[in-house]
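First the structure, in the form of structure tokens, and then the observations on it.
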Amino acid sequence: MKGVVLAGGTGSRLFPLTKVTNKHLMPIYDKPMIYYPVQTLVAAGIDEIMVVTGGRSSGDFLRLLGNGKDFGLKHLNYAYQDGEGGIADALSLAEHFADGDKICVILGDNIIEKDIRAAADAFRKQEKGAKILLKEVQDAERFGVAEMRGDKIVGIEEKPVRPKSNYAVTGIYMYDGSVFDKVNRLIPSDRNELEITDVNNFYIREGTMTYDFLDGWWTDAGTFESLLRAANLVAQTQNKQ
């Protein structure tokens, strides 16, 4: 299985911090934000990764990460996303890199306490389809929310006003090779973006979506509040060790 880190976008919610740099290059406690998703993939046993980025600071990723050898990677590849076409649009740039293999996709501002090795190993054995990781949250309306019926996911709703559960879909997705065909079938949303929720719902309708629950804390770092929360959580966790 290969890994894809999506680290594009303009970081508009963090302006003016992002006026001169990409959000994913900013610090979370003692490391650049992009280090955390890369290390999550490495801990899941993945040694080939593509970073999809964009904007004027894209060259800084190469200077920071190099060829990936400091992380123990076999290959670290880069792709450039023009503009803001959404998460699924960014993912489409990894099609040739994936080359039919299963992939684990992680949003570049998602930071987790523990690892996803067990879920990744389970997906490696999964014959086909996709796997997402869920986390129970108090503010589900901020996220894509899984609608559950018994122990099955029957749909995902993006930022619902009245969430049908408290289970948020974290920014970690595992897909088989058919994901790019599904991306190519997407219609832009009201935001004029290709939505990853629509990709996940394709798999749900196929009956090939599985899920696991994420252990430990999880946060994004896309707002001032969550950026501070991420730094505090990392600091507290490291100081306990």
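This one's a predicted model, so the numbers in the text were calculated from it and none came from an experiment.
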Q: Mind running side chain to side chain contact (heavy atoms under 4.5 Å, CB included) on Val51 and Leu65 for me, showing each step along the way?
A: CA-CA 10 Å; Val51 175; Leu65 302 174; 4.2 Å; yes

Q) Taking it one step at a time, do Thr208 and Ser178 satisfy side chain to side chain contact (heavy atoms under 4.5 Å, CB included)? A) CA-CA 11 Å; Thr208 60; Ser178 75; over 6 Å; no

Q | Full working for side chain to side chain contact (heavy atoms under 4.5 Å, CB included) between Ile49 and Val38 | A | CA-CA 8 Å; Ile49 292 175; Val38 170; 4.1 Å; yes

Q.
side chain to side chain contact (heavy atoms under 4.5 Å, CB included), that's the test. Do Tyr80 and Leu93 meet it? Break it down for me.
A. CA-CA 8 Å; Tyr80 185 88; Leu93 299 174; over 6 Å; no

Q.
Please determine whether ring pair (Phe, Tyr, Trp, His ring centres under 6.0 Å) holds for the pair Phe180 and Tyr175, giving the CA-CA distance in whole Å, both sets of side-chain angles, and the decisive distance to 0.1 Å.
A. CA-CA 9 Å; Phe180 299 104; Tyr175 297 122; 8.5 Å; no

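Neither side chain, Ser58 nor Tyr78, offers a donor N or O lying under 3.5 Å from an acceptor on the other. Between the side chains of His24 and Asn22, at least one donor-acceptor pair of N or O atoms lies under 3.5 Å. Side-chain atoms of Glu195 and Thr197 form no donor-acceptor pair, as typed in the model, at a separation below 3.5 Å.
In terms of heavy atoms, Val5 sits closest to Gly108 at CG1-CA, 3.9 Å. The shortest non-hydrogen separation linking Val183 to Ser92 is CG1-CB, 3.9 Å. Contact record, Ile46 with Gly3: CG2-N, 3.4 Å, taken as the closest heavy-atom pair. Closest non-hydrogen pair, Ile28 versus Ala221, comes out as CD1-CB, 4.0 Å. Considering every non-hydrogen atom in both Pro32 and Leu25, the closest pair reads CB-O, 4.1 Å.
Taking the six-membered ring for Trp and the full ring otherwise, Trp218 and Phe213 have centroids separated by 6.0 Å or more. Two rings, from Phe71 and Tyr35, have their centers less than 6.0 Å apart.
Ionic pairing of Glu206 and Lys182 is present here: one or more N-O contacts between side-chain nitrogen and carboxylate oxygen are shorter than 4.0 angstrom. Under 4.0 Å is where a charged nitrogen must lie from a carboxylate oxygen, and between Asp215 and Lys114 no such pair does. Ion pairing between Asp121 and Arg117 holds under the 4.0 Å rule for side-chain N and carboxylate O.
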Report, one line per pair, each donor and acceptor closer than 3.5 Å where one atom sits in a side chain of residues 159-173; sequence neighbours left out.
from: Ser165; atom 1: OG; to: Ala146; atom 2: O; distance (Å): 2.5
from: Ser165; atom 1: OG; to: Tyr167; atom 2: N; distance (Å): 3.1
from: Thr170; atom 1: OG1; to: Leu133; atom 2: O; distance (Å): 2.8

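When side chains are defined from C-beta on, Thr10 does not count as touching Thr18, because their heavy atoms never get closer than 4.5 Å. Contact of the Arg142 side chain with the Asp220 side chain is registered, since non-hydrogen atoms from C-beta on lie closer than 4.5 Å. Looking at heavy atoms from C-beta onward, Ile153 lies in side-chain contact with Leu134 at the 4.5 angstrom threshold. Leu186 is listed as a side-chain neighbour of Val199, based on a closest heavy-atom distance under 4.5 Å. Annotation: side chain of Gln81 is not in contact with side chain of Thr53 (no heavy-atom distance under 4.5 Å). The side-chain heavy atoms of Ile111 and Pro37, taken from C-beta on, include no pair separated by under 4.5 Å. Residues Leu6 and Val105 meet the side-chain proximity criterion, which asks for heavy atoms closer than 4.5 Å. Between Met209 and Asn200, some side-chain heavy-atom pair lies under the 4.5 Å cut-off.
When atom types are taken as modelled, the side chain of Lys128 and the backbone of Asp176 share no donor-acceptor pair closer than 3.5 angstrom. Counting only distance, with no hydrogens or angles, the side chain of Asp212 and the backbone of Ile132 share no donor-acceptor pair below 3.5 Å. Formation of a donor-acceptor pair under 3.5 Å by the Thr223 side chain with backbone atoms of Ser226 is found in this model. In terms of modelled atom types and a separation under 3.5 Å, the side chain of Glu113 and the main chain of Trp217 share a donor-acceptor contact. The backbone N or O of Ala7 lies less than 3.5 Å from no partner atom in the side chain of Lys23, so there is not a single donor-acceptor pair. Although no hydrogens or angles enter the test, the distance criterion places a donor-acceptor pair under 3.5 Å between the side chain of Gln126 and the main chain of Ala130.
Atoms NZ and CG, from Lys2 and Leu41 in turn, are 13.5 Å apart once rounded to the nearest 0.5 Å. Annotation: the span from Lys69 atom NZ to Leu76 atom CG amounts to 13.0 Å, rounded to 0.5 Å. Between Glu147 atom CD and Glu157 atom CD the span is 7.5 Å, to the nearest 0.5 Å. Residue Met148 holds its CE atom at 7.0 Å from CG of Asp151, rounded to the nearest 0.5 Å. Between atom CG of residue Leu107 and atom CD1 of residue Ile196 there is a gap of 8.0 Å, rounded to the nearest 0.5 Å. Within the model, atoms OG of Ser189 and CG of Leu194 stand 8.0 Å from one another, a figure rounded to the nearest 0.5 Å.
For the pair Lys131 and Tyr211, the cation does not sit on the ring face, since its NZ or CZ is not both under 6.0 Å from the ring centre and inside 45° of the axis. Remark: Arg13 is not positioned above the aromatic ring of Phe224, lacking an NZ or CZ atom under 6.0 angstrom from the ring centre and at most 45 degrees off the axis.
Hydrophobic clustering (side-chain heavy atoms under 4.5 Å, transitive across Ile, Leu, Val, Met, Phe, Trp, Tyr) keeps Ile106 apart from Leu227. Residues Tyr203 and Leu91 fall within the same hydrophobic cluster, defined by Ile, Leu, Val, Met, Phe, Trp and Tyr side chains chained together at heavy-atom separations under 4.5 Å. Side-chain heavy atoms closer than 4.5 Å link hydrophobic residues (I, L, V, M, F, W, Y) into clusters, and following such links, possibly through other members, connects Leu14 to Val234. The cluster map of Ile, Leu, Val, Met, Phe, Trp and Tyr, joined by side-chain heavy atoms under 4.5 Å apart, puts Val52 and Met1 in different clusters. Ile87 and Ile103 fall within a single hydrophobic cluster, where Ile, Leu, Val, Met, Phe, Trp and Tyr are joined by side-chain heavy atoms under 4.5 Å apart, directly or via other members.
Residue-environment remark: CG (Asp181) exceeds the threshold of 12 foreign heavy atoms within 6.0 Å. No more than 12 heavy atoms of other residues, nucleotides or ligands shown are found within 6.0 angstrom of NZ on Lys152.
Residues passing the side chain to side chain donor-acceptor pair (under 3.5 Å) test with Asp198: none are found, sequence neighbours excluded.
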